[in-house]
4 protein chains.
Amino acid sequence: MNFASDNWAGAHPAIAQHLLAAGAGFAAPYGASELDRNIERRFCELFEREVAVFFVGTGTAANALALAAINRPGGVSFCHREAHMLEDECGAPEFFTHGARLAPVDGDLGKIDPTKLAAEIGRFPPGFIHAGQPMAVSITQATEIGTLYRPDEIAAIAAIARQHRLPLHMDGARFANALAALQLTPAQMTWQLGVDIVSFGATKNGCWCAEALVFMDPDTAKDLPFIRKRAAQLFSKSRFIAAQFEAYLHDGLWLELASHANAMAARLQQGIVTCRRGRLAWPAEANEVFAALERSDADRLRAAGAVFYPWNPPHANPGLLAENEVLLRLVASFATTADEVDRFVELLQ
Amino acid sequence: MNFASDNWAGAHPAIAQHLLAAGAGFAAPYGASELDRNIERRFCELFEREVAVFFVGTGTAANALALAAINRPGGVSFCHREAHMLEDECGAPEFFTHGARLAPVDGDLGKIDPTKLAAEIGRFPPGFIHAGQPMAVSITQATEIGTLYRPDEIAAIAAIARQHRLPLHMDGARFANALAALQLTPAQMTWQLGVDIVSFGATKNGCWCAEALVFMDPDTAKDLPFIRKRAAQLFSKSRFIAAQFEAYLHDGLWLELASHANAMAARLQQGIVTCRRGRLAWPAEANEVFAALERSDADRLRAAGAVFYPWNPPHANPGLLAENEVLLRLVASFATTADEVDRFVELLQ
Amino acid sequence: MNFASDNWAGAHPAIAQHLLAAGAGFAAPYGASELDRNIERRFCELFEREVAVFFVGTGTAANALALAAINRPGGVSFCHREAHMLEDECGAPEFFTHGARLAPVDGDLGKIDPTKLAAEIGRFPPGFIHAGQPMAVSITQATEIGTLYRPDEIAAIAAIARQHRLPLHMDGARFANALAALQLTPAQMTWQLGVDIVSFGATKNGCWCAEALVFMDPDTAKDLPFIRKRAAQLFSKSRFIAAQFEAYLHDGLWLELASHANAMAARLQQGIVTCRRGRLAWPAEANEVFAALERSDADRLRAAGAVFYPWNPPHANPGLLAENEVLLRLVASFATTADEVDRFVELLQ
Amino acid sequence: MNFASDNWAGAHPAIAQHLLAAGAGFAAPYGASELDRNIERRFCELFEREVAVFFVGTGTAANALALAAINRPGGVSFCHREAHMLEDECGAPEFFTHGARLAPVDGDLGKIDPTKLAAEIGRFPPGFIHAGQPMAVSITQATEIGTLYRPDEIAAIAAIARQHRLPLHMDGARFANALAALQLTPAQMTWQLGVDIVSFGATKNGCWCAEALVFMDPDTAKDLPFIRKRAAQLFSKSRFIAAQFEAYLHDGLWLELASHANAMAARLQQGIVTCRRGRLAWPAEANEVFAALERSDADRLRAAGAVFYPWNPPHANPGLLAENEVLLRLVASFATTADEVDRFVELLQ
């Protein structure tokens, strides 16, 4: 009963097996192999346009390099207050951009409020050098708290970004979970709505270590080969990432795994609702469930072997919880089983 | 007949197989799993002392983070003119140290000349702020050109470093090849001679992506958890590196693979010498052979399917080669077979 | 009637005259002259202890170098939401620290609320690398909005900083104005309360370009000579800053000028209160008056030649102002005359 | 008899007097005053074209910001091995560019050898990311050792830079000395030969602290307002720099002062040659004389009150000096008198 995080899971057998097979033989290093090229082409197909793709090792690297590619002196990027890049990357975005700043924007359910975004950007009048200059907008899909931007919500944010000539980045650490839940294509969820750059995560969804940075406009990325290499993110045996993606994207495996994780989260949510011990903090839309449980229930579950963490959002509404309650984050992954979920719910009951 | 580089090889089957097995089940992410801890302990045993170990994704990351850990404003690190960190990392060391400089030192056979090192350091008198301040010395073992520092040579450089209170770093991208060739233990080749920090590479010797940054004095590394995370080198499914190391270090596999690669290079060298078509530029001491061949021979070999690259050292002695000759770098790896070597030599003949 | 800012004033005649005299003859450059040394000693006397002093060219440089001296990877410094370093330095603190972050803390009257400070710091549990690590606390005295921290308020913040082993920095762009208003000595307002580093500004108070960075513990500053030089803030004809300080600190001129500026602000405040056209946003405690005026009055004053700016604080309470009002920031300097003030009030009436 | 350096002199009386006068009254800060604008226009006239001008505080700042404006990830700038930015700025260029590298190029008489420049650039084949990418060429005029690039020599270097699409920067810390010696106009010595960016120094030639960064193509500098502010080089009372330039550029004062310094160096050189005690290391072409003196003579002069420094170039030809000789650098400035020079020569004799 492990709901600690989707990165507690290992690698999906099909991916691990494919990696084993890919180990034989010689191949050009540093992203120059045929396999690397093929998978790059695969991404163009996937996004239904010519994109520039860069394999990197971590989601933090993908996000930070995305900002590095569009960096500006005194730059300020706008993201949700709970965004991973703001809360959980130890200043990597600032480090990779030599000090460009992240400005938190509030919004319900983990999503940027467009009105607040416009107001925040408005605090940086063009040419007023003292405050710095706007540089980018970044959204997370699915969000840090397991919710989803609907297409019109993305479009609304994209409109503001475009109005200020700011590129729009999507942190897609759980890109597949969002796609599967919304029943959209990659193109539909990104550039067709105005998204310019995607951190395309696969690690959380069954790979070992496979992240791709995707630029809708390859021109934006023309210095990225140097930026990535200088950032120590160009892998010599790069094919080990390419091979993971090959298996991951083959025959819809990635969406299948994401759908499974989403379904497990839905099942867990349903179980909690049904058994009436605990309340949902907000509806689970992807593979994460946030539930307020009585502390004694949480302790009991933990004692019975369940693994999970409390959720301490940066600026949580203290009114959300009763005295004896604790807010839990319960994450399902490709490796979560219905049986595990059911046991958890049974124990909770 | 692939002698292009040891990073053209994939993963050794034992390592790939172990990685496949390690994919099952849940484990704490970000280096907190039991496996991670076990392998960290394994490094302490290996080095026969309490060391601080950090798994990272690339050799460039290991080198750059080593310097970041001992960074100084206006800092200058001394390395051989042909060092990988100076010639092949696209400025990563400068990027990770926010601009600390690398100063090239000359020396025969790819090794720093201690007299020249002392003279270079002497150009930075203590307290003379205009020039900056010395920060580190870095040597590469085996060197970029396949030669080896003998223990007394390392000790001589360490003595100079110590005299100026500079930490001594060893870029061990081919650490195992050096160990195997010199018949030394890790302790004997490092801290017992005065080496403070090691980039312990395993990728070139049969892993997919496994590098460890080893600090002999854990105090030196007390900020490294933050430095590594900020540098996007803390992997969420960190066990995939730990698992590679587990197989790599198990039962002497790593030294076996390195010995094999060294033996293949020796066999290749012997073949070239024996067939009298081509000359050795210098003796191969690890897994790389540098040979001057007639251009027509090189072309013929290439046409017959051999893969290799010419070597253009930064400041090559132009007198080394005859008009019709080309200098080749021929690298053997764990995956090189005696048959391949023999075919190459046969073709050359 | 110029109340735009204290940096609209030029140089006080005594200072400018002294600079003229200091131009003759030869002197060792880069801070090595006898004059430089003497003024450094003068600072030790002023602070009644052995301090390390560094002359720099701008207040932004002083603040940013203060943080650079105590920099940490993934570091987070806590300052008031309206702090100059956060709002008006175009990311210089992030740039000079290679990406360390500034975390805004709220508090009434431009001053950090100690409870909120403790809560903010508490968001960074020791060893939790994902969030980064606390690095410093910075307060501004006098604040950006012309208020003053009382000694006990500074001590309360210092206690929290000390508890977390964080150095406490004071941005003293208007240090003299605060000292004069509070009738404290430099020692009393700084290290005796727990302040570790001071940006000692003189430019706003009658110098051309004279800022000093003062470290109570010279050990903290041992790398600063390199940090300053690398930051292009070591002036070759450094004596031109030293000479300004010589005149500035001579015979109490600096406190006299600050007292005058404070008195002019008080006179202006009194005038506004008395004439009953406009309200004070909060009491002026140093040399800045913040007043809500009717927009038509503001326009009228401007048309009559008064120079001033509206104040748009980052997160102003929109309820502060009536529909037809505008919030003005009116700054007095050493060069402000009672006559100017009286004319302004007369016009307002 | 002070020949230590031109930065040992103070400010020329005309400039200091003008600064005194400029202290009165109010003016818009941060470069927005009428005076600032006027002096910016003055630079356009001086260069006979629309240029972008930025006042900064130190020559190091001018050089480092010039590179920051044209920065590239993994960038490498080519300058002479003895260039100030390489030898004397404590890594400021690397710091301001977040780690872009300076590559030394050799050449006689302190000047880049075009053939060697082309060879160095050739080491960075386009698209070969491992080595980084060329970013700029920088020459120093007058050079660090008091020699001058002739127009055709500048043009030859510019041709190579243009061929590789690299901007050409001129470090003009002694720009006026070079102009005066070569009898060229600013336009003739810069953009008409292919120079794109100039660090226009005035500090060494009679100002306190006045440096201008001049971009021939204002488009190149469009981010510089942010870069400068973030680098803490935007002065609040910016008019104190503008005022120095106003006096400096008025009625040819700057060229007069430079001509005087050059003439004093020529007189000193002539005196050394005539008295036959000591040899010129190379001909003085601007305001610096490099002479090999017997050590005993140097000691005698020093004892008699002469101030000067030995010159230890980074890679000096050890054959240049006899056992008992020392190489001196003797610098004349606007403040050097013929009488001082004559006394020095007399004492030497």
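Letters A, B, ... mirror the listed sequences (proteins, then strands); counts begin at 1. Owing to the predicted nature of the structure, the values given are computational and were not obtained by experimental measurement. All values below come from the heavy atoms of this structure, side chains included, with hydrogens, waters and symmetry mates left out.
One side chain, Ser199(A) or Asn63(A), offers a donor N or O that lies under 3.5 Å from an acceptor on the other. For the residue pair Asn205(B)/Asn177(B), the side-chain donor-acceptor check at 3.5 Å is not satisfied.
Looking at Ala4(A), there are no atoms closer than 4.5 Å to chain B (heavy atoms on both sides), in backbone or side chain. Heavy-atom distances place the side chain of Ser333(A), and not its backbone, under 4.5 Å from chain B.
Highest contact tally toward chain A, considering only Leu234(B), Ile241(B), Thr58(B), Thr60(B), is held by Thr58(B) [criterion: heavy-atom pairs under 4.5 Å]. With respect to chain A, the highest number of heavy-atom pairs below 4.5 Å among Ser236(B), Ala61(B), Ala92(B), Ala27(B) belongs to Ala27(B). Interface check for chain B: of the options Cys207(A), Gly57(A), Cys209(A), Cys90(A), the most heavy-atom pairs under 4.5 Å are formed by Cys90(A). Considering only heavy-atom pairs separated by less than 4.5 Å from chain A, the leading option among Val307(B), Asn2(B), Thr203(B) is Asn2(B). Most heavy-atom pairs under 4.5 Å with chain A: of the set Ala28(B), Gly91(B), Ala64(B), Ala21(B), this distinction falls to Ala28(B). Per-residue heavy-atom pair counts under 4.5 Å with chain B were compared for Ser33(A), Ala24(A), Ala62(A), Gly25(A), and the maximum is reached by Gly25(A). For the options Gly59(B), Ala335(B), Ala243(B), Ala231(B), heavy-atom pairs under 4.5 Å to chain A are most numerous at Ala231(B).
Shortest non-hydrogen contact noted between Trp208(A) and Ala22(B) is CH2-O, 3.6 Å. For the residue pair Tyr248(A) and Gly201(A), the shortest heavy atom distance occurs at OH-O, 3.9 Å.
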Gln244(B) vs His18(B), test: side-chain hydrogen bond (donor to acceptor under 3.5 Å, both in side chains). Steps then yes/no. CA-CA 7 Å; Gln244(B) 291 176 70; His18(B) 191 71; over 6 Å; no
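The side-chain hydrogen bond (donor to acceptor under 3.5 Å, both in side chains) search around Gln233(B) returns none, not counting sequence neighbours. For Asn38(B), there are no side-chain hydrogen bond (donor to acceptor under 3.5 Å, both in side chains) partners at least two apart in sequence or on another chain.
Using a 4.5 Å cut-off on side-chain heavy atoms (C-beta onward), Val289(A) and Arg329(A) make no contact. Using a 4.5 Å heavy-atom threshold, the side chains of Met85(A) and His169(A) count as touching.
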Donor-acceptor contacts under 3.5 Å from residues 9-16 of chain A side chains, at least two apart:
residue	atom	partner	partner atom	Å
His12(A)	ND1	Ala14(A)	N	3.1

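Using a 4.5 Å heavy-atom cut-off against chain A, the contacting residues of residues 93-101 of chain B are Phe95(B), Phe96(B), His98(B).
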